[in-house]
Amino acid sequence: MRRTAPPPPPAWRARSAQRAARAATAALWAAALALAGCGGGGGSGAAPAAGGSSFDPVVYSAAANASLPDASESAAVTHHTLSVNAQTLAYTATAGHLSARDPLSGAAEASLFYVAYTLDGAAAGTRPVTFFYNGGPGSASVWLHLGSFGPRRLATGVPSTSGVTPFPLVDNADTLLGVSDLVFVDAVGTGFSEAIAPATNQSYWGVDADAAVFRDFIARYAAVNGRTASPLVVFGESYGTTRSAVLAHLLVTAGMPLKGVVLQSSVLDYNANCGLYTPPAPVSCAGYVPTYGAAGAWYGLDMPKPADLPSYMVQMRNFTQASYAPAVQAYLSAGTPPAASLVTQLAQSTGLAAGYWQQRFNLDPDLYQYSLVSGTLIGRYDARMSAPAGSALASDGDPSSTYITPSFSSAIVSYLANDLHYTTPSSYVMLSGAINTWNFTHDGKALPDTVPDLAAALALAPKLQVLSLNGYHDLATPFHQTELDLQRLGTQPNVQTRLYSGGHMTYLDDTSRGLERADLAAFYAALAP
Amino acid sequence: MNARPIAHVLALCALVSAVAGTAHAQAVMPPASVAAAQAQAVMPPASVVAAHAQAVMPPASGAAAHAQAVMPPATVAAVPRGPWVPPALRSPAQLAAPTRGAALQAQVQRKLQADFERAAQAGGGRLTRAQAQAAGLGYVAQHFDAIDVQHTGSVSPSDWQRYLQARQAAPAR
């Protein structure tokens with residue numbers, strides 16, 4: 001039932017043989033791109049090929065031992081307009097690479113691919129600039145880029161799993177471009193980002209090294225674009241929130257003007273999320289129980305049927321803290337079996353049959369996903385999205401992820417080439433194998449607990465605004481676990497939580513994205529100068 | 001056998017035909033069964049980064065000067081999208097218990113103190129404003145006067161510690 005892990009990555013061929021093979025492939029694509037050309041609008045920062053398109057000839061690799069011999073900082077620059085709320089926003093899109101540099105030696109560390117959207121005519125010096133990144137680790141930032149608050153987004157129709165695919169790319173009425181410039185950054189070994197020799201991609205595949213290279217990229221972006229005085233906001237999702245906590249401490253320590261941290265679907269403490277571990281989970285799954293209640297409600301399995309979700313979640317939190325959590329602690333430490341009445345309550349309030357709660361009292365999300373609805377796999381990222389067991393949508397273990405991936409994969413490639421005029425013979429790496437060799441150690445622990453990092457940033461910068469966003473139906477990073485993690489910070493008036501219907505990528509849901517947008521507007525308005 | 005070069009050659013051939021004026025229906029290669037490529041049971045051979053045959057052919061365009069650019073398809077490795085930890089870490093002997101209150105504050109103090117001492121090693125433990133800036137401690141440089149309460153022109157680890165403790169006691173600013 002549990003996903004089996006992929007075998008370890010094979011031994012790599014010698015670097016020169018690798019580059020020769022990639023260069024041969026690149027030659028094919030270079031010829032194809034030269035033939036295709038690309039007419040039409042916009043200036044170009046990189047050397048224009050035939051037809052006016054901006055062509056980056058470098059072949060980027062996501063292999064662990066790969067590195068670029070050197071890196072140029074070229075980009076494709078295009079101009080666009082967006083009509084939103086009877087307003088027309090004129091903006092510039094810049095797609096290309098900047099080199100993160102070691103702050104002490106100035107040596108180039110890595111060439112990171114980014115797409116920046118800047119509002120034309122705005123006072124850039126004081127306008128916020130927000131850096132977005134997804135997680136994994138090993139995921140490109142395509143999900144936030146084309147799904148959340150950029151000027152264009154894919155209309156996914158989630159939670160439906162029977163919409164028109166591939167999703168259309170539309171103007172985004174919920175874009176944040178009106179309140180902040182936006183920079184979507186791909187981590188090393190994702191997108192078209194790669195380490196620069198003597199470092200290799202693996203050099204940055206670790207909690208601390210990864211956060212440091214992001215700090216250095218942000219510093220480079222600010223220096224090159226005259227934004228060193230602009231308020232900084234970091235917007236990470238999933239492992240990107242782990243990164244954000246570590247990064248927040250680094251940015252504040254470096255004296256950079258970090259004013260806000262947006263945490264989308266957080267895993268701030270890997271030691272506290274029971275879903276990460278092979279069952280029976282070694283740590284309490286209490287953080288998941290309110291989400292089980294939300295999922296059960298969605299499928300009409302909770303008894304009695306909840307009247308409204310937010311009120312029901314208050315009840316579920318209270319029930320979890322007062323009854324379930326202590327019982328699980330007793331079970332984990334002393335093997336104390338749960339009372340029959342508690343098992344009944346769990347079954348009724350989450351919709352999952354009592355037998356499962358008896359069989360595995362500390363109930364992990366995998367078991368819930370596969371067992372809630374007979375013959376059906378419900379989504380891990382978004383529990384509202386399901387598919388029949390054995391169907392194509394269910395074959396990867398998460399219908400909510402399988403459903404959206406092909407559209408995002410094809411859209412990013414055509415959008416970069418045809419709208420942003422950035423072309424390359426390289427394949428955009430949506431997801432790399434970085435996680436297989438990622439160094440998760442941090443502050444002397446085998447798995448990262450980044451709440452102290454966030455606390456350190458707040459200790460130095462008490463006016464730092466932190467906004468935590470979660471979906472009720474997320475079985476990967478359950479909202480209540482994040483609430484428990486953030487509660488460790490004690491009373492922090494600048495740390496706020498907002499919850500919405502939806503999953504890990506809450507913003508894919510049209511209604512929830514609109515609500516997130518409104519909460520984010522208030523967040524940006526509250527940033528300290 | 002890496003499928004990527006084959007997909008690329010096919011893409012190139014079709015492209016050349018299109019440019020030559022042959023009408024092609026917009027042939028979209030079957031959406032890779034992205035699911036199949038990601039399924040743990042089916043590993044792409046010889047490469048962690050699996051190619052997905054999702055090349056979209058440019059429409060033949062005679063009159064329009066604007067041909068669609070063709071890029072290689074995006075790739076998705078055969079790993080779940082995360083957050084997750086690799087197999088070696090999935091059965092940990094011990095997980096760190098969450099700290100809060102005084103224990104968390106002590107962790108924060110240690111962390112911030114270590115930042116300073118690491119940066120100050122080269123300069124014999126003390127930092128001038130310029131040295132702090134050069135060592136990457138921009139925060140120390142910016143708040144130097146508040147940290148250097150004795151106005152010696154350089155700050156010691158004790159100065160920093162006193163500054164942090166004072167902030168902890170009265171954080172509102």
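Within every chain, numbering begins at 1; the chains are lettered A, B, ... in the order of the sequence lines, protein sequences first and strands thereafter.
- Inter-residue side-chain proximity for B/Pro92 and A/Tyr277 is flagged as met; some heavy-atom pair is nearer than 4.5 Å.
- Legend: residues meeting salt bridge (charged side-chain N to carboxylate O under 4.0 Å, His left out) with A/Asp443, ordered by chain and number and at least two apart, are B/Lys111.
- Legend: residues meeting salt bridge (charged side-chain N to carboxylate O under 4.0 Å, His left out) with B/Arg129, ordered by chain and number and at least two apart, are B/Asp145.
- Expressed to the nearest 0.5 Å, how far OG of A/Ser284 lies from CG of B/Leu95 amounts to 12.0 Å.
- Of all residues spanning residues 146-161 of chain B, those with a heavy atom less than 4.5 Å away from chain A's heavy atoms are B/Trp160, arranged by number.
- Both the backbone and the side chain of A/Ala456 come within contact range of chain B, judged by heavy atoms closer than 4.5 Å.
- The minimum heavy-atom distance between A/Ser432 and B/Val79, with the atom names listed, is O-CG2, 3.6 Å.
- Across A/Pro103, A/Ser238, A/Gly490, A/Ala281, the residue that shares the most heavy-atom pairs under 4.5 angstrom with chain B is A/Ser238.
- Contacts with chain B were tallied for A/Ala459, A/Gly138, A/Ser265, A/Gly240; A/Ala459 has the most, counting heavy-atom pairs under 4.5 Å.
- Annotation for A/Leu104 and B/Ala134: closest pair CD2-O, 3.3 Å, computed over non-hydrogen atoms.
- Of the possible polar contacts, none joining the B/Arg81 side chain to the A/Ser139 backbone as a donor-acceptor pair under 3.5 Å is found.
- Contact residues of residues 100-109 of chain B toward chain A are B/Arg100, B/Gly101, B/Leu104, B/Gln107, B/Val108 (heavy-atom distance under 4.5 Å).
- With respect to chain A, the highest number of heavy-atom pairs below 4.5 Å among B/Gln142, B/Gln94, B/Gln133, B/Arg110 belongs to B/Gln142.
- How far CZ of B/Arg167 is from CG of A/Leu460: 6.5 Å, rounded to the nearest 0.5 Å.
- For the residue pair A/Ser426 and B/Pro72, the shortest heavy atom distance occurs at O-CG, 3.4 Å.
- Both the backbone and the side chain of A/Val252 come within contact range of chain B, judged by heavy atoms closer than 4.5 Å.
- The shortest non-hydrogen separation linking B/Pro83 to A/Thr477 is CG-CG2, 3.7 Å.
- When A/Tyr428, A/Tyr381, A/Phe408 are compared by the number of non-hydrogen pairs under 4.5 Å with chain B, A/Tyr381 comes out ahead.
- Side chain of A/Ser427 to main chain of B/Pro73: a donor-acceptor pair is present (N/O by atom type, distance under 3.5 Å, no hydrogens or angles).
- Of the atoms belonging to A/Tyr403, not a single heavy atom falls under 4.5 Å from chain B.
- A/Leu447 touches chain B through its side chain: at least one heavy atom from C-beta onward sits under 4.5 Å away, while N, CA, C and O do not.
- With no hydrogens or angles considered, a side-chain donor-acceptor pair links B/Thr99 and A/Arg488 at under 3.5 Å.
- To the nearest 0.5 Å, the span separating CG on B/Asp115 from NE2 on A/His249 amounts to 3.5 Å.
- Taking the ring centre of B/Trp84 as origin, the terminal cationic atom of A/Arg380 falls outside the region bounded by 6.0 Å and 45° from the ring axis.
- What you find for B/Met71 and A/Thr424 is that their closest heavy atoms are SD-N, 3.2 Å.
- Interface remark: B/Leu112 contributes side-chain atoms only to the contact with chain A (heavy atom separation under 4.5 Å).
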